[in-house]
**Student:** 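Submitted below is the structure of interest, expressed as structure tokens.
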Amino acid sequence: RWTVDSNVEKQNSYPQIAEAAEYLRTGHVIAFPTETVYGLGADATSDAAVQGIFDAKGRPSDNPLIVHISNTDSLHDLVSSISSEAEKLIQSFWPGPLTIIFNKKQGVFSDLVTAGLDTIGIRMPSHPVALELISRSGKPLAAPSANTSGKPSPTSAEHVALDLTGRIKGIVDGGETGVGLESTVIDCTVTPPMILRPGGVSAEEIAACIGPVRVDPSLKKEQSAPRSPGMKYTHYAPVAPLYLIKGEAAWIQQTIHRFQQEGKKVGLLASEELGAQLQADVVKVCGTREDPATIARGLYNGIRSFNDTDADLILAEAFDEKGIGAAIMNRLEKAAGHKWIKESSS
Ligand code: TXA
Ligand code: MG
């Protein structure tokens, strides 16, 4: 484990980063912090290195990886065309939590990265440690979230260590990540562009930048096949079953009591506001409704933290789908397998 201080703007003085970059240059798999979640990086141009990522995560090989770059100078060497919408998005949101899907240039990346697709997802993260590591490695880095497939994405080096110790060469520990949810994925090979995964940049922000934008309609439904291969798998799931819950606080309290009368230990994942009003066997607060970004930041740690408790089930507060709320609800819906408990239906 290499520990660095993410608040330092100039990361180039760290010998730890140079050492980690050397492993990447020579085809090894390294976990590192980004502003969204921890990534599991390897040289995107090497089959063997990229295979190492799939092996470490237990990731299905039909799920393509995002490529991370540290500057836009060489983007034209990686993709076959850049639409005007993509240009605008790059100007506004890179470096940052936005992954753009382009038509790929043939013969640049390992075919394993793109899982046989003609398109490639690329992002330039804004985390100083990530930027320094990519730039020092001298390679575009394929990097999915650094969790075991199916688990919530890691927002700290501890989460990475719990999932992947013994399976990777090392972890660059830069403390907790900022956004806490993965990047937004937007397909700019279609007109108008389509959001395939809601994330750190909201649909509202994207629309303000480029005008009309669509959201993959299948994200709302349980059965249909989403356009982003990764969105079809069960994700972010804790050990105990999780249900989204929506209703008045008093009714949620009654619901908790009903489960307890059945002999169940009830976990509650909630905002400060709701958490303060309710009693359950385990209450985990992930942020404040006043600032949904705090909910996003604390969400995965909140979900994971129930694994150390005796909760038999978890009730998770449903949030407004505005702004970052769309990404929060997308992840909670997936963690819940779309299971809801609603006041109106009881
Ligand atoms: O914030 C993030 O994006 C993090 C950090 C580490 O950068 N990375 C991340 O990667 O979340 P991953 O592999 O866990 O998720 C990538 C998502 C998957 O849902 C995948 O199916 C989709 O992006 N994706 C990648 N390439 C694609 C492509 N060419 N077309 C459609 N979807 C693609
Ligand atoms: Mg992931």
Side-chain angles (χ1 to χ4, degrees), residues 36-37 59-60 62-66 81 83-86 88-89 92-93 96-104 114-123 144-145 149-150 152-153 179 181-237 242-246 292 295-296 299-300 316-342 344-345:
T36 57
V37 299
R59 180 169 174 122
D62 68 345
N63 191 3
L65 307 179
I66 295 172
S81 62
S83 69
S84 62
E85 288 98 342
K88 287 184 199 159
L89 291 170
S92 299
F93 300 112
L98 182 72
T99 296
I100 302 176
I101 308 285
F102 301 91
N103 288 308
K104 74 173 177 186
T114 51
L117 300 174
D118 291 326
T119 55
I120 180 89
I122 299 184
R123 98 174 178 99
S145 48
S149 253
S153 294
V179 178
L181 298 179
E182 302 85 342
S183 62
T184 302
V185 177
I186 185 163
D187 185 353
C188 282
T189 69
V190 296
T191 315
M194 184 182 280
I195 293 174
L196 306 184
R197 178 176 75 179
V201 176
S202 71
E204 292 90 333
E205 290 172 294
I206 289 173
C209 174
I210 59 170
V213 58
R214 293 172 291 168
V215 178
D216 182 356
S218 65
L219 292 182
K220 288 283 167 203
K221 294 181 230 110
E222 201 174 346
Q223 297 300 338
S224 55
R227 286 175 175 76
S228 178
M231 300 308 277
K232 72 173 177 282
Y233 298 105
T234 308
H235 262 65
Y236 319 118
L242 183 146
Y243 301 84
L244 273 155
I245 190 157
K246 194 184 181 75
I295 309 257
L299 189 70
Y300 288 148
E317 176 178 353
F319 296 97
D320 238 2
E321 296 212 18
K322 283 204 300 288
I324 188 77
I328 294 170
M329 287 306 292
N330 169 264
R331 305 308 191 271
L332 279 173
E333 284 257 20
K334 287 169 71 65
H338 300 272
K339 296 188 301 292
W340 280 85
I341 303 177
K342 285 187 188 165
S344 51
S345 66

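Hydrogens, waters and symmetry mates are skipped; everything else that's a heavy atom, side chains included, is used. Source: prediction; values computed, not measured.
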**Student:** I want to check something: taking the side chain as every heavy atom from C-beta on, are Ile120 and Ile101 in contact at a cut-off of under 4.5 Å?
**Tutor:**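 The answer is no, as the side chains (C-beta and beyond) never meet within the 4.5 Å cut-off.
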
**Student:** Can you list the residues that meet the salt bridge (charged side-chain N to carboxylate O under 4.0 Å, His left out) rule with Lys339, with sequence neighbours excluded?
**Tutor:**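 With sequence neighbours excluded, Lys339 shows a salt bridge (charged side-chain N to carboxylate O under 4.0 Å, His left out) to no residue whatsoever.
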
**Student:** Kindly say whether Ser218 contributes a backbone atom to a donor-acceptor pair with the side chain of Asp216 at under 3.5 angstrom?
**Tutor:**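 Looks like yes, one N/O pair under 3.5 Å.
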
**Student:** Checking side-chain contact (heavy atoms from CB on, under 4.5 Å) for the pair Thr191/Glu85: CA distance, chi angles, key distance, verdict?
**Tutor:** CA-CA 9 Å; Thr191 315; Glu85 288 98 342; 4.3 Å; yes

**Student:** Does any non-hydrogen side-chain atom of Tyr300 lie less than 4.5 Å from one of Leu181?
**Tutor:**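 Result yes, sub-4.5 Å side-chain heavy-atom pair found.
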
**Student:** Will you find, in the side chains of Thr119 and Lys104, an N or O donor that is under 3.5 Å from an N or O acceptor?
**Tutor:**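 Per modelled atom types, Thr119 and Lys104 side chains form no pair under 3.5 Å.
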
**Student:** Got a donor-acceptor contact below 3.5 angstrom from the Glu205 side chain to the Ser202 backbone?
**Tutor:**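 Answer holds: yes.
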
**Student:** Under a 3.5 Å distance rule, please check whether Arg123 uses its side chain to pair with a backbone N or O of Gly96 as donor and acceptor.
**Tutor:**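 Yes, Arg123 side chain to Gly96 backbone: donor-acceptor pair under 3.5 Å.
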
**Student:** Tell me whether Glu204 contacts the main-chain N or O of Gly323 through its side chain, where contact means a donor paired with an acceptor under 3.5 Å.
**Tutor:**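 Yes: the side chain of Glu204 pairs with the backbone of Gly323.
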
**Student:** Do Arg197 and Thr99 get their side chains close enough for a donor-acceptor pair, meaning under 3.5 Å?
**Tutor:**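 Not at all, the side chains of Arg197 and Thr99 share no donor-acceptor pair under 3.5 Å.
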
**Student:** Does one side chain, of Glu182 or Thr36, offer a donor that lies under 3.5 Å from an acceptor on the other?
**Tutor:**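 Side-chain D/A pair, Glu182 to Thr36: absent.
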
**Student:** Do any N or O atoms from the side chain of Arg331 and from the backbone of Pro152 form a donor-acceptor pair under 3.5 angstrom?
**Tutor:**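 Not a single qualifying donor-acceptor pair exists.
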
**Student:** Donor-acceptor pair, Thr184 side chain versus Gly199 backbone, under 3.5 Å?
**Tutor:**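 Here the side-chain-to-backbone pair exists.
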
